[in-house]
There are 2 protein chains.
Amino acid sequence: MSKEDFTADVCSINEIDPEAVAFVQERVMPARTIERLSRLFSAFADPTRLRILHALNVIDELCVCDLAALSDLSVSAVSHQLRLLRDRELVHARRDGRMVYYSLADEHVSQLMAIGAEHANER
Amino acid sequence: MSKEDFTADVCSINEIDPEAVAFVQERVMPARTIERLSRLFSAFADPTRLRILHALNVIDELCVCDLAALSDLSVSAVSHQLRLLRDRELVHARRDGRMVYYSLADEHVSQLMAIGAEHANER
DNA sequence: ATCTTCTTTGCTCATATGTACATTCTCCCA
DNA sequence: TGGGAGAATGTACATATGAGCAAAGAAGAT
């Protein structure tokens, strides 16, 4: 949908055809969705967490200390980030004795990383 | 690929089969890619920028003040964020006289938002 | 040339974020 | 019941980030 369908070639939102305003308003994302989206993406917005997520993408399930070793991070740092990833429901934790095994929560996680990598590699 | 293919049921990366280490190392993302990815995702990690990107997803091309009005933001705030989005090559700017029209840089942007929204709406 | 409109850019401050260190918790085993 | 390994949490601190305000650029209009 292009702007010219609605407006003369002037700025100021006040001059936009009411139809256009309605068109946009109908499609505006609810504030709640925007919030959720930004929280989702902010989970991906850190190198540490990306390393963790990528490791879990390569090997389905890993414990905290494996993640720490593979990502070259302290156990503490990994654990803190895992909590955040858990809260945002990007990873799933499974306890087995003393060990806690983590895995990606759903396929959206790998999809987002794949598309992101595609974009990043193009530039 | 599951961890059991490589390791006994013990922690400590040192006990992982050398084959597994090699397997992971081969697939490790270069630090450069990780950095680029986190920069990419951090661009999506803010409500203001998401509103801007979503508006551009609904209407192909918009000027700064339309974006400000539609997203209910100050022109200054929008402009600051547009600079960031430009730097990260997520939007494209076209000047026409006094006006500068912005549009999404490529289809990855809408793809990422679509998948993100899918994920966000499931929870 | 000057004014006006649209946009961009410094600068600053309050808030958010990531990590380290120390502590606590959970569970297995002796 | 202790002891020890793996994991989670609290706190503190340095850095990063977002928004507002004021000023400066760019380009059409008078």
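Values in this document were obtained by computation on a predicted structure and should not be read as measured data.
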Checklist entry - Between A:Arg95 and A:Thr48, who's closer to the 5' end of DNA chain C by nearest nucleotide? => result A:Thr48
Next on the checklist: Please confirm whether the shortest side-chain N or O distance from A:Arg98 to OP1 or OP2 of D:dA8 is below 4.0 Å.
Outcome noted: no
Checklist outcome for this item: To the nearest angstrom, the CG-P distance between A:Leu84 and D:dG10 comes to 14 Å
Next on the checklist: Distance check needed: C:dC6 P versus B:Leu73 CG, whole Å only.
Outcome noted: 18 Å
Item to check | Side chain A:Asn57, main chain A:Leu53, donor-acceptor under 3.5 Å | outcome: no
Checklist outcome for this item: Per nearest nucleotide of DNA chain C, the residue lying toward the 5' end, A:Asp46 or B:Ala93, is B:Ala93
Item to check | Spacing between B:Leu67 atom CG and C:dT7 atom P, to the nearest angstrom | outcome: 9 Å
Item to check | Atom-to-atom span, CZ of A:Phe44 to P of C:dG18 - whole angstrom | outcome: 14 Å
Checklist entry - Within the structure, does a side-chain N or O atom of B:Tyr102 lie under 4.0 Å from either OP1 or OP2 of C:dT8? => result yes
Checklist entry - If you check every side-chain atom of B:Ser76, which of C:dG18, D:dG20, D:dA8 has the closest atom? => result D:dG20
Item to check | B:Arg83 vs D:dG18: side-chain N/O to OP1/OP2 distance below 4.0 Å | outcome: no
Item to check | Ring-base stacking, B:His80 with C:dT8 (5.5 Å, 30° cut-offs) | outcome: no
Checklist entry - Rounded to whole angstrom units, what separation is found between the CG atom of A:Asp96 and the P atom of D:dA5? => result 19 Å
Checklist entry - Taking B:Ser42 for the side chain and B:Ala45 for the main chain, is one N or O donor matched with an acceptor at less than 3.5 Å? => result no
Item to check | Atom-pair distance (CZ on A:Arg39; C1' on D:dT17), nearest Å | outcome: 17 Å
Checklist entry - Choosing from D:dG4, D:dA7, C:dT9, which nucleotide comes nearest the side chain of A:Cys65? => result D:dA7
Next on the checklist: Please report the distance, rounded to the nearest Å, between CG in A:Leu50 and P in C:dG18.
Outcome noted: 11 Å
Checklist entry - Quick one: which of D:dG20, C:dT7, D:dA8 gets closest to the side chain of B:Ser74? => result D:dG20
Checklist entry - Is there a donor-acceptor contact under 3.5 Å from the side chain of B:Arg95 to the main chain of B:Val100? => result no
Checklist entry - Is the distance from OP1 or OP2 of C:dT9 to the nearest side-chain N or O of B:Arg86 less than 4.0 Å? => result yes
Checklist entry - For the atom pair NE2 (A:His54) and CG (B:Leu37), what is the distance rounded to the nearest 0.5 Å? => result 9.0 Å
Item to check | Whether A:His119 and B:His108 hold their rings parallel, tilted or perpendicular, with breakpoints at 30° and 60° | outcome: perpendicular
Item to check | From C:dT8, D:dA19, C:dT4, nucleotide with atom closest to B:Ala77 side chain | outcome: D:dA19
Next on the checklist: Regarding B:Val75, tell me which of base, sugar-phosphate or nothing describes its non-hydrogen contacts under 4.0 Å with the strands shown.
Outcome noted: base
Next on the checklist: Quick check on C:dT19: is either OP1 or OP2 less than 4.0 Å from any side-chain nitrogen or oxygen of A:Gln81?
Outcome noted: yes
Item to check | Backbone of B:Ser76 reached by a side-chain donor or acceptor of B:Ser79 within 3.5 Å | outcome: no
Checklist outcome for this item: Atom CZ of B:Arg94 and atom P of D:dA26 are separated, to the nearest Å, by 19 Å
